[in-house]
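To start, the structure under review is shown below, and the notes come after it.
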2 protein chains.
Amino acid sequence: MKISTRARYGMRAMLDIAVHSDGGLVLLKDIAARQEISKRYLEHMMTQLRNSGLVVSERGASGGYRLARDPGDIRLDEIFEALEGEIAVVECIRDAAICSRADECVTRDLWCEVASAIRSVLGTKTLADLKKRYERVKEQGRDSGRGDVRVHSSTGRAVK
Amino acid sequence: MKISTRARYGMRAMLDIAVHSDGGLVLLKDIAARQEISKRYLEHMMTQLRNSGLVVSERGASGGYRLARDPGDIRLDEIFEALEGEIAVVECIRDAAICSRADECVTRDLWCEVASAIRSVLGTKTLADLKKRYERVKEQGRDSGRGDVRVHSSTGRAVK
DNA sequence: ATTAATCCTATCGTTATGGTAGGGTATTTT
DNA sequence: AAAATACCCTACCATAACGATAGGATTAAT
Ligand code: FES
Ligand code: FES
């Protein structure tokens, strides 16, 4: 279970646009440069984001991208799903015929819970929240007092 | 973001063992038959589970598998990670050098939260819980009153 | 020795991932 | 009108992951 670069890059791109558009358009070139992502590759993600109606583009010279809606109105799960596809799906949710005896299958419930958990993280935050967080981190550094949660390198679990 | 068949099959296998071992050993053959999974394929998952120390095997005629520990002492995230690998990793957690400017990267925090959310679903349940759930479902049917949460086929979100 | 079980390793086809490339189209600027 | 700029579409490619199958090697009970 890894998060794809698409999702990571795309999310960063969205944040980048939110941060750097002063009402105007943001250039792919600039996003790519700031985020140090291949412009050509980033194009794909922008396409996905556009097709999902999260950004709108203007073509031609002095074109660019901007958010389709207010940052406070773009949930992070929308961004995620635009890039990564539906969250933590087990096919048998849609189509119970896939698993034999889906009726008595109690593990399916489990996967649903996992999906819900992810959604409740990403679905309760908006791009505006992320932007706020970014700006806080940027101006005061990463809360160097005690914030930076150490995680154990192999378990990923938080550690004392 | 899909959950692999390995994880699904493996989880079902673990549940199957928990349910069908009366202190004794459970045969791969039987698990495969009950779960309608290719025996040959299931072997792989059993290997992973064994290597992770979640089941122990006995070889030779009248060999088989049993849980390495008490079901109440086997967390579901252990099973999941044995099969699927580390939960929701972004590489830059381990190795900050992977992402340029990981210091000011606020999206990384987001992915950490996602990972935590998954862990808090799977890490707070044990195989004993799952077994209990299974037995409840089995004897009284799937709570046919109102339980079966309908989810929207495309969003996966719960629907009225 | 036979049988029945796990174990090890290789293979294979398909799909997904990560990324590059070429050329096309729209719009502004000159 | 022409040049420049920026997005757009489509194809391609290499590698890895996934899902599954297969052959044969061990181990142990009968
Ligand atoms: S119904 Fe699909 S895993 Fe059980
Ligand atoms: S530090 Fe890895 S995604 Fe930002």
Side-chain angles (χ1 to χ4, degrees), chain A residues 1-13 17 20-21 24-33 35-52 54-68 80 83-86 88-92 98-99, chain B residues 1-13 17 21 24-33 35-68 83-86 89-92 98-99:
Chain A
M1 282 270 282
K2 292 194 179 172
I3 288 164
S4 68
T5 61
R6 277 177 158 80
R8 289 190 290 114
Y9 290 173
M11 187 67 76
R12 280 163 63 185
I17 296 175
H20 293 99
S21 92
L25 295 168
V26 180
L27 273 65
L28 177 63
K29 186 174 46 165
D30 295 341
I31 304 174
Q35 300 297 324
E36 298 177 79
I37 299 169
S38 145
K39 180 182 151 190
R40 230 63 200 282
Y41 189 29
L42 194 51
E43 267 185 353
H44 289 313
M45 285 139 241
M46 295 315 293
T47 302
Q48 294 184 267
L49 291 167
R50 180 169 44 79
N51 289 340
S52 304
L54 295 174
V55 299
V56 294
S57 55
E58 264 167 56
R59 306 182 62 168
S62 82
Y65 292 96
R66 62 184 168 79
L67 300 177
F80 187 82
L83 297 158
E84 185 90 333
E86 201 170 337
V89 178
V90 278
E91 294 293 341
C92 36
I98 285 176
C99 284
Chain B
M1 281 270 281
K2 293 195 177 170
I3 288 163
S4 69
T5 61
R6 275 176 158 80
R8 290 190 290 114
Y9 290 174
M11 188 67 76
R12 281 163 62 186
I17 297 175
S21 95
L25 294 169
V26 180
L27 272 63
L28 177 62
K29 186 175 45 166
D30 296 339
I31 305 174
Q35 300 298 322
E36 298 177 78
I37 299 168
S38 145
K39 179 182 150 189
R40 231 65 200 282
Y41 189 30
L42 195 52
E43 267 185 353
H44 290 312
M45 285 138 240
M46 293 316 293
T47 302
Q48 293 183 270
L49 291 167
R50 180 170 43 78
N51 289 340
S52 304
L54 295 174
V55 299
V56 294
S57 56
E58 265 166 56
R59 305 183 63 169
S62 82
Y65 293 95
R66 62 185 167 74
L67 301 177
L83 297 159
E84 186 90 332
E86 202 169 339
V89 178
V90 278
E91 293 294 343
C92 36
I98 285 175
C99 284

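What you see is a predicted model; the values in this text were computed from it and never measured.
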**OP:** Would you confirm whether A:Ser38, through its side chain, and A:Arg40, through its main-chain N or O, come within 3.5 Å as a donor-acceptor pair?
**Re:** yes
Is the shortest side-chain N/O distance from [X] to OP1 or OP2 of [N] below 4.0 Å?
X       : N      : result
A:Ser57 : D:dC8  : yes
A:Ser38 : C:dG18 : no
A:Tyr65 : D:dC8  : yes
A:Arg50 : D:dC9  : yes
B:Thr47 : C:dT6  : no
A:Lys29 : D:dA6  : yes
A:Thr5  : C:dG19 : yes

Original post:
Which part of the nucleic acid, if any, lies within contact of A:Glu43, taking any heavy atom under 4.0 Å across all strands shown: a base, the sugar-phosphate backbone alone, or nothing?
Top reply: base
Subject >> Closest to the A:Arg40 side chain, choosing from C:dT6, D:dA29, C:dT20 >> reply: C:dT20
Original post:
Is any side-chain N or O of A:His44 under 3.5 Å from a base N or O of C:dT20, one able to act as donor and the other as acceptor?
Top reply: yes
Original post:
Quick one: are B:Arg12 and B:Leu42 in side-chain contact, heavy atoms under 4.5 Å?
Top reply: no
Subject >> Contacts of A:Tyr65 that satisfy ring-ring contact (aromatic ring centres under 6.0 Å, His included) - sequence neighbours left out >> reply: none
Original post:
What is the distance, rounded to the nearest whole Å, between atom CZ of B:Arg59 and atom C1' of C:dC7?
Top reply: 5 Å
Subject >> Nucleotide C:dG19, atom C1' - distance to CZ of A:Arg6 in whole Å >> reply: 9 Å
